[in-house]
Amino acid sequence: MADKELRQTLNLPETEFPMRAGLPKREPEWVKDWLAEDIYGKIRAARSESPSFILHLGPPYANGRFHMGHVLSYVLKDFIVRSKTMQNFNAPFVPGWDCHGLPIEWKVESELREKGKSKDDLSTKELRKLCRDYAGKWVSAQKEDWQRMGCLGDWDEPYLTMNPKNEAGMVRELGRLFNRGYVYKGVKSIMWSTVEETALAEAEIEYHDKESMAIFVAFPVKGTDENVVIWTTTPWTMPANRAVAYGEEVEYSLVEITQAHEKAAANIGAKYWFATELLESATKYCGIEEYAVLKTQKGSAFEGTVLQHPFYDREAPMIEGFHVTVDGGTGFVHIAPAHGAEDFQIGREVGLELECQVLGDGTYSNTVADLSQTDVALAGMDIWKAQKRIIEEMTAQGALLRWYKYSHSYPHSWRSKAPLIFRTTPQWFVAMDNDKNLRADALKEIDNVQWLPAYGRNRIYSMIEGRPDWCISRQRKWGVPITVFVHKHTGEVVNDAALFEHIAALVEAETIDAWDNRIEENRMEELFPAGWLASKGLSLDDLEPQRDILDVWFDSGTTHAHVMRAENERKGKESRFHREDGKRPADVYWEGSDQHRGWFHSSLLESVASYGEAPYETVLTHGFVVDGKGMKMSKSIGNGVEPEQLLKKYGMDIVRLWVAGSDYTEDIRYSDEIMAGISDGYRRFRNTFRYLLGNLSDFDAQTDTVPYADLPELEKWVLARMANVLTEVKEAYDSYTFHKAYRALYNFCATDLSNIYFDIRKDVLYCDAKSGHRRRSVQTVLMALLTEITTHLAPMMPFTTDEVWKERFGEAESVHLALWNDVNPEWQNEAVLEQFTPFWALREQVNLKVEALRSEGDVGSNLDVAVTLPSSAQDMNLPLTELLIVSAVSFSGDVVQAEKASGEKCPRCWSHHETMHATHTDVCQRCGEALDGLKAQGAAA
RNA sequence: GGGCUCAUAGCUCAGUUGGUUAGAGCACUGUGUUGAUAACGCAGGGGUCGGAAGUUCAAGUCUUCCUGAGCCCA
């Protein structure tokens, strides 16, 4: 028989499964198919009776397309949802979006400005409509991005913080916090943007270098000829000066000027106080060239000293300042309680005037006095523009010793990039330390939560421990209103649970506009339940509705309370969830480690205040995507990547493998080099699948499966290995260490299968009779491998594994509806693993000998080799000829020897034989039998 | 400036409570095969564990300092 004909008699792999994946093109089609088939809905239906597992999502902000950070975060979440689902948990995933807040309002305003309009031209309702549409547009775009990533989720019923139902949930939570005694109205010096005209959250502040005007100012000491010198970088706060602080332990010196630079403002003979340590630097700045030290004293000696304001006719007491340092300046600190956090704190403690005379737009109010020497009216003037006038006034008054430009790190608005100021304003707060002891309760609750990695516990603990009261109010439009009334005369907050619920119901029906519309349209009485006002003895005219809105961290911090209904909800509690398949606390919250100060933090405070417990049982955190060198990705450096590029270049399954292979507890690196490695890894999996599919093309599991007891040793060995690997993989998934699962599966495919098992079994698969027992045994194992590897890889590689599944089981099937099998106890065979242990050492020695033979040019493949093994090798009781893939094995002596095989090479199976088949004389015995089998089959057909 | 965290072969990762010549896979080099072929087999080279000092009989593994990086805060 000619070689070509012989080749026809082999059982070569047959499959349509392409070697090249073509992921970028095909994945979008598969996404469409999954949506059309409603895979998510089918899973929900199938798991409706299963125990639930809730991963609750922290809502992304509905602005812009997804970036690499989103990809990392949502792929990881999908690993959990899918792996839990395949372990028969009911693990719904409800996508959500954070829709309110400044960034969107700002964007809408700037779009208005481009059209030549102003936000003042619009009613609250109209402005919000634009914001709502804007957010909605990005929700749609991001939903597409999300689906494209192959993530499982309830895309038809996501939660949006701007959904009326969720907005109502926030109002209800606000009501609970009010009624439980956590919320108070106070004043506070807080970071304020004069451009956006709002208080800013911590997260909304960025630090950049700013050039300020630094000044040295002399305050005359009342009743003496001495002066105390302060240094500040905010001349605009001088009109608000109410005191000067000294450091209790700091040593100060009084100096008399004996020589000064000709341009210096200081006069010969003038006397100034400076901190001793800063004497040299401060006098130099002020152009004081020589001086005499008259006396020194400790700061505490200034107690009771009264100073004269440098340009107003009022006094400024000297007080002790805990924050005074001698790092720079003069050692004396100018105190303007309306314009600084420490200033405010000190001012309140000693009873200074706290009133803020700077308006929200950054101009002085009309209560600010004029500058008398230079005759300038500050009222109505922009504070930044006024600085020069104030300096001129102080110069005229002889109080200014020096001014110069000074560059330093200064807070700016993250949106407008405008420099921020401290301003004392009325705000609403959640109290951390009042009689409700929120801080103590929250700290206690932290230890009832599992933090992964463990250091997350300390991280959030120290943040909760050190944070100030939570300022929940914002002076903006796009957000949930603080739906309370303040009594015009008593200043008391007027509300109760019934009133809150009444308003919440209105919001649920009409969105947050329900509040503002009624106020703006003079229908305020509708905000009250019938008879409510009368029952309290109040009239509408007594009440001032609040127009502030809630901090967006309050929105997302309450999602635990209104997104998913607890299945184990205690009776008697009001139903507050818009879904029926959730539970509370959630099993897992999982976001980037920045959320220790963000969402984990606000959710914890809100939940503890409202329900007395944390909203989550486990909090996982992941790192950030950085470049190949570990550096943050940034536009200016140009080291970033866009998800879109990756989808085009590699496809999502490869991006998902990149995530799977990385240890997310640290920052994870992205580079072309890394992706090249991942792509190779993907190909290894793909080829493994292709080999499995190809060699199973003629296998019918129903009829051809061989019982475990009848399998050869090698098959039992592979199954034992797989059982161990699968156990390891399940443990890895359960502990959220996905890269261990990935690695275990990958190494199994690369070493146990590709290097060993597949290589050895090619002979049987190709050359044995098609339905021979040995071949069916191998196929039985291949079938198990295909099933187990595919299902256990499915959470990581949903596209490719489904492609494999459909290739094997038909287009109507989906791996994502499958469950993970329990590890078959029959496969767990330690004895067979032990039986093979000595074989691996032997194999290595044989390979070395064969390799030496090969390098001499005598042989090519192992089948050209015959080996002599130590006699002891017989004890293994294994079919060594096939396991070593050689033509012959003999036993003698105690070392391994290899030589070119003698006998005739069978042209069908390429192994060498001394005797050939009796009738098919050109081929070996085994191949001849296979040919007979084919002939018989042909005759039967 | 402060808090938390990280730093092992070119890459991604392992390295229990400190204890023999620091591991894996990939990549690389050589080579074989051409019946998994833009695939597969075999063999080989390559780290002294970011740097320095210290504790110890012994340190990648403990301490301190330094350098670099990330997150958060000021």
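A, B, ... follow the sequence lines: proteins, then strands. Residue 1 opens every chain.
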- Query: Atom CD1 of I756(A) to atom P of G25(B): distance rounded to whole Å?
  - Reply: 10 Å
- Query: Does the ring center of W590(A) lie less than 6.0 Å from the ring center of Y664(A)?
  - Reply: yes
- Query: Salt bridge or not for E929(A) and R926(A), using N-O below 4.0 Å?
  - Reply: no
- Task: Please identify each residue that fulfils side-chain hydrogen bond (donor to acceptor under 3.5 Å, both in side chains) with R423(A), with sequence neighbours left out.
- Result: none
- Message: With nearest nucleotide decided by heavy atoms, which residue, N847(A) or T688(A), maps closer to the 5′ end of RNA chain B?
- Response: T688(A)
- With the sugar-phosphate defined as primed atoms, P, OP1 and OP2, and the base as all remaining atoms, what B/S/- string results for nucleotides 10-17 of chain B, 5' to 3', for protein heavy atoms under 4.0 Å? SSBSS---
- Looking at Y461(A), is R457(A) sitting on its ring face, NZ or CZ under 6.0 Å from the six-membered ring centre and within 45 degrees of the normal? yes
- No-hydrogen, no-angle side-chain donor-acceptor test under 3.5 Å, R908(A) and H920(A): no
- Within the structure, does a side-chain N or O atom of R20(A) lie under 4.0 Å from either OP1 or OP2 of A38(B)? no
- Query: When the C1' atoms of G3(B) and U8(B) are considered, how many whole Å apart are they?
  - Reply: 27 Å
- Item | U63(B) to U55(B) separation - P atoms, rounded to the nearest Å | 15 Å
- Phosphate OP1/OP2 of A39(B) contacted by R684(A) side-chain N/O (<4.0 Å): no
- Message: Expressed as a whole number of angstroms, how long is the span from L853(A):CG to G41(B):C1'?
- Response: 16 Å
- Query: Rounding to the closest angstrom, what is the interatomic distance between A39(B) and G68(B) at atom P?
  - Reply: 43 Å
- Item | Sugar-phosphate, base or nothing in reach of E851(A), heavy atoms under 4.0 Å | base
- Using a heavy-atom cut-off of under 4.0 Å over every strand shown, decide if G694(A) touches base, sugar-phosphate, or nothing. nothing
- Checking salt bridge (charged side-chain N to carboxylate O under 4.0 Å, His left out) against D768(A), which of R774(A), R761(A), R775(A) comes through? R774(A)
- Message: Among residues 449-466 of chain A, which ones have heavy-atom contacts with RNA chain B below 4.0 Å?
- Response: Y455(A), R459(A), M463(A)
- Message: Any side-chain N or O of K762(A) below 4.0 angstrom from OP1/OP2 of G41(B)?
- Response: no
- With D663(A), which residues qualify under side-chain hydrogen bond (donor to acceptor under 3.5 Å, both in side chains), at least two apart? T665(A)
- With a non-hydrogen cut-off below 4.0 angstrom, is R686(A) in contact with a base, only sugar-phosphate, or nothing? nothing
- Query: Taking the six-membered ring where the residue is Trp, are the ring centres of Y616(A) and W451(A) under 6.0 Å apart?
  - Reply: yes
- Task: Taking atom P in both A9(B) and U48(B), compute the distance separating them and give it to the nearest angstrom.
- Result: 9 Å
- Task: Could you tell me the separation between the CG atom of D752(A) and the P atom of C40(B), rounded to a whole number of Å?
- Result: 16 Å
- Task: Determine the contact category for G860(A): base if any of its heavy atoms lies under 4.0 Å from a base atom, sugar-phosphate if only primed atoms, P, OP1 or OP2 are that close, otherwise nothing.
- Result: sugar-phosphate
- Whole angstrom value for the distance that separates P of A36(B) from CG of L693(A): 16 Å
- Item | Phosphate contact (U37(B) OP1 or OP2) by R690(A) side-chain N/O below 4.0 Å | yes
- Message: Tell me whether the ring of Y746(A) lies stacked over the A24(B) base, given a 5.5 Å limit on centroids and a 30° limit on the plane angle.
- Response: no
- Message: According to side-chain hydrogen bond (donor to acceptor under 3.5 Å, both in side chains), who are the partners of Y682(A), at least two apart in sequence or on a separate chain?
- Response: R686(A), T800(A)
- How far, in whole Å, is G10(B) from G18(B) if one measures between their C1' atoms? 30 Å
- Query: What distance, rounded to whole Å, do you find between the two P atoms, one in A22(B) and one in G47(B)?
  - Reply: 12 Å
- Message: Could you tell me how far G60(B) sits from G19(B) if I compare only their P atoms? Round to whole Å.
- Response: 10 Å
- Respond yes when some side-chain nitrogen or oxygen of S754(A) is under 4.0 Å from OP1 or OP2 of G41(B), and no when none is. yes
- Determine the contact category for N755(A): base if any of its heavy atoms lies under 4.0 Å from a base atom, sugar-phosphate if only primed atoms, P, OP1 or OP2 are that close, otherwise nothing. sugar-phosphate
- Pair pattern of RNA chain B in dot-bracket, where unpaired bases get dots and | marks partners in another strand, Watson-Crick or G-U under 3.5 angstrom: (((((((..((((.....[...)))).(((((.......))))).....(((((..]....)))))))))))).
- Query: So which one's nearest nucleotide on RNA chain B is more toward 5', K632(A) or N747(A)?
  - Reply: N747(A)
- Starting from P on G35(B), measure out to CZ on F758(A) and report it in whole angstrom. 19 Å
- Scan side-chain atoms only and decide if H339(A) and T234(A) contain a donor-acceptor pair under the 3.5 Å cut-off. no
- Please work out if W910(A) contacts a base, only the sugar-phosphate, or nothing of the nucleic acid, heavy-atom cut-off 4.0 Å. base
- Message: Strictly below 4.0 Å, N to O, side chains only: are D594(A) and R597(A) in salt-bridge contact?
- Response: no
- Note on the structure: Between CE of M633(A) and C1' of C71(B) the distance, given in whole Å, is 16 Å
- Item | Which nucleotide in G35(B), C72(B), A27(B) has an atom nearest any side-chain atom of L10(A) | G35(B)
- Item | U5(B) to C65(B) separation - P atoms, rounded to the nearest Å | 14 Å
- N/O (side chain, N687(A)) to phosphate O (OP1/OP2, A39(B)) under 4.0 Å: no
